[in-house]
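Only one structure is covered here, and it is reproduced in the block below.
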Amino acid sequence: SGTLRFEENLHAGYGQALSIDEMLFEHRTEHQELIIFRNQSFGRVMALDGIVQTTEADEFIYHEMLTHVPLLAHGDARSVLIIGGGDGGMLREVLKHSSVEHVTQVEIDASVIEMCKKYLPNHSDGAFDDPRVELVIDDGVNYVSQAAQQFDVIISDCTDPIGPGEVLFSSDFYDGCKRCLKPGGVFVAQNGVAFLQLDEVITTARRLGPLFVDQSFYSAAVPTYAGGIMTFAWASDNPALRMSDGVELRRRFEASGIHTRYYNPQLHLASFALPQYILDAL
Ligand code: AG3
């Protein structure tokens, strides 16, 4: 057709293609292949090593669900640790909580932050300049194995377990996150598209489950994470945080004054209901 296309081949024999309507940036960083382009349906798109990480059109689903579910379930989160998340979308959502006093973000690749600030400015929306933020350029596993600080919520906004992101699905990483969580804290992580990456769900449950009193998954469908629902890993030592009380959740959400486009308290509770094929695999 003559149109330049970006083809993602993350899964065996199945993929997605997006037209590159304008190429904005393409470069091999110290860690990975970074590309940012514009697509007519999804706006600006960022991919790492050939895999779509985020788009302007649908990023809100993913970032809202990985932020507001753990923070509102916790109810009094003052300190948050973000692992990865170089595009800044997660940081933007976390900072919407006025209860949050401090956020540490640990990103391995400084050039992802730099280029996303430039070409995806709506993702971070100035978040990296917020005085509550401490940015650390380091390997997430290394950071959580030595950090002196503990956090109320830890969010792993990583790539798939291929290349630099692989270690963020290891037992060593989960051990480190456990030691960096305050009592009553919550750990969440992106865990891939369940239908096509079911092994990832099983492996995470096997590694993370033994470390916490309560380990589960919740989900959301994100169009450019093609293949159906994406699962988010959840772990805490307090089973009561996976609330069944919609009244209290609605109270907290309203008190937060946060405006969302995907998240709402009903959806929060419903997102923990998993399809039978996932339950059967666990
Ligand atoms: N990180 C999660 C990308 C996962 C894509 N994987 C997939 N389609 N299975 C996104 C970073 C956004 N801040």
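Note that this is a predicted model, so its numbers are computed, not measured. Just follow the structure's listing: the first ligand is 1, and inside any ligand the first atom is 1.
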Tell me, which protein residue and heavy-atom name are nearest [atom], and how many Å apart are they?
{"atom": "atom 11 (C) of ligand 1", "value": "D157 OD1, 3.1 Å"}
{"atom": "atom 12 (C) of ligand 1", "value": "D87 OD2, 3.1 Å"}
{"atom": "atom 3 (C) of ligand 1", "value": "Q53 OE1, 3.4 Å"}
{"atom": "atom 4 (C) of ligand 1", "value": "D160 OD1, 3.6 Å"}

Practice prompt. Please confirm whether the backbone N or O of G86 pairs with a side-chain atom of E107, one donor and one acceptor, at under 3.5 Å?
Written response: yes
Report yes if the side chains of [X] and [Y] come closer than 4.5 Å at any heavy-atom pair, otherwise no.
{"X": "V193", "Y": "I229", "value": "no"}
{"X": "H102", "Y": "R78", "value": "no"}
{"X": "L81", "Y": "V106", "value": "yes"}

Worksheet entry | NZ/NE/NH1/NH2 to OD/OE distance under 4.0 Å, E93 and K96 | yes
Record the part of [X] in heavy-atom contact with ligand 1 below 4.0 Å; permitted values are side chain, backbone, both and neither.
{"X": "V52", "answer": "backbone"}
{"X": "Q197", "answer": "side chain"}
{"X": "H63", "answer": "side chain"}
{"X": "C158", "answer": "backbone"}

Discussion item. Would you say the rings of F37 and F25 are close, in the sense that their centroids are separated by under 6.0 Å?
Written reply: no
Discussion item. Under the side-chain contact (heavy atoms from CB on, under 4.5 Å) test against W234, which residue among L208, N191, V186 passes?
Written reply: V186
Worksheet entry | Sub-4.0 Å heavy-atom contact, M90 with ligand 1 | no
Worksheet entry | Close-contact set for ligand 1 against Y225 heavy atoms, below 4.0 Å | 2 (C), 3 (C), 5 (C), 8 (N), 10 (C)
Discussion item. Suppose I only count heavy atoms of Y62 and a 4.0 Å limit; which atoms of ligand 1 are within that range?
Written reply: 1 (N), 2 (C), 10 (C), 12 (C), 13 (N)
Discussion item. Distance alone, cut at 3.5 Å: any donor-acceptor contact between the side chains of H123 and H63?
Written reply: no
Worksheet item: Looking at ligand 1, does any of its N/O atoms fall within less than 3.5 Å of an N/O of T54?
Response: no
